[in-house]
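Here the structure is laid out as structure tokens; the discussion comes afterwards.
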Amino acid sequence: MVTKLFLRPQSLPLTAFTPKFIFPSKRFLPIYFTPPFSSTIVHSQSQFSAHTFSYGPSLRKGHHPFPSVSRQLPLDNSQPVIKTVIGNPERERLQNEKSEEVILDEDAFIRIFDIAALRIPSRGCFELENRLRGHLLNWPRIRNIARVPGDEVEAELAELVGEQNRSYSDDGDGVDIDSLHRRIYGKAEDDGEPLSPVLYREKLVKTFDSKGYVNFRHLAKMSRPKKKKEKKEEGKDEGIKRMGKSEFAVVEVVESEQLEVDDMKGLLGDEFKGGKWRGSTRLLLLDERYGDKGVEELPEAIKALLKGETQESMKSTIELVRCRLTLYYDYWQMNEVLEALLPKDMVIPSAFETVGHIAHLNLRDEHLPYKKLIAKVVLDKNKPKIQTVVNKIDVINNDYRTMQLEVLAGNHSLVTTVVENGLRFHLDLATVYWNSRLATERHRLLSGFTCKDVVCDVFAGVGPISISAARIVKKVYANDLNPNAVEYLERNSVLNKLERKIEVFNMEGRRFISAMFASEKAPKITQVVMNLPKDAAEYLDAFKGILRDRSDVEFISPTIHVYGFSKARDPEFDFHERIRIALTEVAVDVDMRRVRLVAPGKWMLCASFKLPRSVAFSKRGLNM
């Protein structure tokens, strides 16, 4: 028989592989993308040299559980081959349909590895794991110690069996299985038919004493009729049974050297007859190199255990077993699956921005024919955190800074909630702008604010800077041209209970600057944030002559933080020149820093400087 063990997660490497995936059409005429391998059967580990594949699990190693299922792979294909009965034009039409979904053959990712293991008592498993650490499997996300379902015993029962009325077999090695069954189930083999639940309950009732259940604490549980087992779904293979969404690997004990001597079919189960119950045991999974080796070929440390050259309590309790380790689709990382599915030499799109439950991709042109497939894998490997996958289909070229997004997988709702700096922000990614990659820069900027500051945020958006600053500073004046962003800004300020410290405006940037410095608020403003990298530098001309008519007011030069892009060879010099030209001021002391590289050769920068008095009181003002 076969004993199965279910493993829990740890970590994972990168490799590659090749199943097929299907784009269903409305006519139910599928298009098959076949993976770039050169045979119809996945090669076993022994067919590849150690030089070709490194140590550890790989989709190119092991073998598939259903080798009879042919996948008709081409003999030599560096690019995926598209097979269709309706022609390539239909493929192009299907790929352009927004309603299409990718069906991924997850069973094609199943890999089975033949390994060896030591079956040992549970009480000594951790000690032996430390001693044999260098000889164990040590695969990412796979624990070296595996459980054997069916042989777990509670401590009270183990003590009962071990000390009271022990029944040894003829050779004195363990407890006779019939005696154990009588203690657990009330009967053993050849003891006759079990009583019905009703008769069994009546039998127990007759044994009651004056104190009732005091000697039968578990009577209700014992006498309750067993629930009927649910009918198994047809077509499901009992040989590979998975329990729970988090389980992605199964170990099956297929052979035991010691059990073969005793002429036994397996470790435990319905077919286990005439054997000795050993109590709770564990499996120590050995290195993959020892999967097909005999006892004499194993390292001396392992042979010593098998020969009983350890503590007396461990003698005759350790045996070598052969196992099958099955890894499912859920085990493999996103990069490994995409590397297997996409054409050879194509860059794997492994990075994406997370906005709440939305994964925001920026796919290259070469990825677009496979965009649905990529989104499907991204969604599968990042659930439940990611529920929607979108791709930006065009650059931001509108006044509201909104992105044109295409939903590739998951639900179509782009309304989400983002948590940043302990604050919650509601937003609709289709109508407002948000960039999670700037969270570190926003935190850096906020660290320079004090409780005495008054902040003027010219391009506030939904309020990532304004609302975060409101927790620190005295007052915040937030503005944005996009009415949708202003609506979410007001909603988020109330959501975070900071509405009393934020005053919201819906104005064009230059008019907002002019209005703020023309009001009584001007002398109190100490910080001005202009986070609009594409055009912010051009709005600096609004500060020319901003106080030319208010020379009698005591003026404290505010610190201006302006963001911008630059593709120049010297981006700092280029951005400094644009600031100087916008202010028409030769000498501007600017503190410049690079924020992030947004594209090859394109930097986002932040320039911070005190507004020069010569600019604020200049006579050359801007006609609004």
Closer than 3.5 angstrom, by distance alone: can the side chain of R111 be matched with the main-chain N or O of L59 as a donor-acceptor pair? yes
Restricting to pairs with a member in residues 561-605, which pass ring-ring contact (aromatic ring centres under 6.0 Å, His included), not counting sequence neighbours? none
Distance, nearest 0.5 Å, that separates CG of N496 from CZ of R491: 13.0 Å
Per the ring-ring contact (aromatic ring centres under 6.0 Å, His included) rule, what does the pair list look like for residues 333-366, sequence neighbours excluded? none
Do S519 side-chain atoms and M516 backbone N/O form a donor-acceptor pair below 3.5 Å? yes
R596 CZ: over 12 foreign heavy atoms closer than 6.0 Å: yes
Assess, by modelled atom type and distance only, whether the side chains of D480 and Y400 contain a donor and an acceptor separated by less than 3.5 Å. no
Should the pair K381 and Y329 be classed as cation-pi, given the thresholds of under 6.0 Å to the six-membered ring centre and 45° from the axis? yes
Checking the side chain of N506 only, and the main-chain atoms of L481 only, is there a donor and an acceptor separated by less than 3.5 Å? yes
Closest contact, heavy atoms only, M507 versus A515: CE-CB, 4.1 Å
Test your reading of the model: is there a side-chain donor-acceptor pair from D457 to the backbone of A478, 3.5 Å cut-off? no
Worked check of side-chain hydrogen bond (donor to acceptor under 3.5 Å, both in side chains) between S608 and D591: CA-CA 5 Å; S608 301; D591 180 16; 5.4 Å; no
Considering non-hydrogen atoms only, spot the tightest contact between G601 and L597 and give its length. N-CD1, 4.1 Å
Distance-only, no hydrogens or angles: does the D453 side chain make a donor-acceptor pair with backbone N or O of T450 under 3.5 Å? yes
Nearest 0.5 angstrom please: R442 CZ to R437 CZ, how far? 12.0 Å
Looking at N421 and S468, what are the two nearest heavy atoms and their distance? ND2-OG, 3.9 Å
Is there a donor-acceptor pair under 3.5 Å between the side chain of E508 and the backbone N or O of R511? yes
Do side-chain atoms of S436 reach the backbone of T354 as a donor and acceptor pair under 3.5 angstrom? yes
Judged by atom type as modelled, is there a donor-acceptor pair below 3.5 Å linking the side chain of H367 to the main-chain atoms of V347? yes
Closest contact, heavy atoms only, V529 versus L445: CG1-CD2, 4.0 Å
Measuring from atom CD1 of I467 to atom CD of E490, what distance do you get when rounded to the nearest 0.5 angstrom? 10.5 Å
Okay, side chain of D574, backbone of D570: is any donor-acceptor separation there less than 3.5 Å? no
Inspect the surroundings of CG in D399 and state if more than 12 heavy atoms from other residues, nucleotides or ligands are less than 6.0 Å away. no
Provide the full list of ring-ring contact (aromatic ring centres under 6.0 Å, His included) pairs with a residue in residues 423-477, sequence neighbours left out, each pair given once. F425-W434, F459-Y539
